[in-house]
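Inspection log for the structure reproduced underneath, given as structure tokens.
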Amino acid sequence: ANYNVTITCDDDFVLASTGNQLFTSSQNGKTTTTISAKAVRDFAFVLSKNFSVITQTAGKTTVKYYYYDDDNAQQSLQAGIDALNTFSNLFGEYPYETYSIVKTNFVHGGMEYPNLVYISDGCEKYEDYINVIVHETAHQWWYNLVGSNACEYAWMDEGLTEFSTLLFYRYNQEK
């Protein structure tokens with residue numbers, strides 16, 4: 001589907017979302033952001049007053065890491081970039097302009113959406129946190145780009161995603 005979404009919130013919130021944030025304006029303590037997401041399966045967003053954001057490019061994609069309480073923020077962002085590059089090489093180029101990795105108080109592990117993944121702040125070990133970033137990035141292909149019914153046939157996208165995560169570590173052993 002194609003989404004055109006407008007979100008208005010207090011100025012002190014930072015917005016992470018599916019798609020491209022095209023226009024942002026601020027007036028009377030409120031920020032309005034217009035977002036366009038083309039050819040995606042879902043739309044999701046996260047708002048937080050606590051986010052810091054760092055950005056880096058992977059191929060044609062701007063990768064954003066929204067985080068709080070992460071002493072290894074650059075390493076966390078790099079894991080997402082390495083995963084995006086690895087999976088682009090293995091499965092076909094990531095076709096979107098943006099990809100956001102968002103640390104949030106999600107229940108467990110992570111959750112995938114087009115152009116956006118949640119990474120739980122409840123991961124006890126940093127190694128597990130990185131593994132969730134890689135796993136959720138693989139979902140950009142297995143469920144999103146190569147569509148399946150994730151509710152009815154979870155074994156398809158979860159199985160391919162777990163296999164892809166193992167491939168990531170195989171191809172990135174030296175890192």
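Side chain to side chain, Thr104 and Tyr66 fail the donor-acceptor criterion of an N or O pair below 3.5 Å. A donor atom on one side chain and an acceptor atom on the other are found under 3.5 Å apart for Gln140 and Tyr94. When only modelled atom types and interatomic distance are considered, Trp141 and Ser164 share no side-chain donor-acceptor pair under 3.5 Å.
Here the straight-line distance linking atom OG of Ser48 with atom CZ of Phe13 works out to 7.5 Å at 0.5 Å rounding. Atom-to-atom distance recorded for Asn131:CG and Ile119:CD1 is 10.0 Å, nearest 0.5 angstrom. Interatomic distance, CG of Asp82 versus CD1 of Ile133, reported as 10.5 Å (0.5 Å rounding). In this structure, the separation between CD1 on Ile81 and CD on Gln74 is 7.0 Å, given to the nearest 0.5 Å. Note that CG of Leu77 is 6.0 Å distant from CD1 of Ile101, once rounded to the nearest 0.5 Å.
A pairwise comparison of heavy atoms in Pro114 and Thr18 identifies O-OG1, 3.0 Å as the closest pair.
Taking the ring centroids of Phe45 and Tyr113, they lie at or beyond the 6.0 Å cut-off.
The ring-ring contact (aromatic ring centres under 6.0 Å, His included) test applied to Tyr153 returns no partner, not counting sequence neighbours. Taking Thr31 as the reference, Asp11 meet the side-chain hydrogen bond (donor to acceptor under 3.5 Å, both in side chains) condition, with sequence neighbours excluded.
Between Asn20 and Tyr96, every side-chain heavy-atom pair lies at or beyond the 4.5 Å cut-off.
In this structure, Asp121 does not pair ionically with Lys103, as no charged nitrogen and carboxylate oxygen lie closer than 4.0 Å.
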Residues 154-162 side chain polar contacts: donor-acceptor under 3.5 Å, at least two apart:
from, atom 1, to, atom 2, distance (Å)
Glu158, OE1, His135, NE2, 3.2
Glu158, OE2, His139, NE2, 3.1
Thr161, OG1, His139, ND1, 3.1
Thr161, OG1, Asp157, O, 2.7
Glu162, OE2, His135, ND1, 2.8

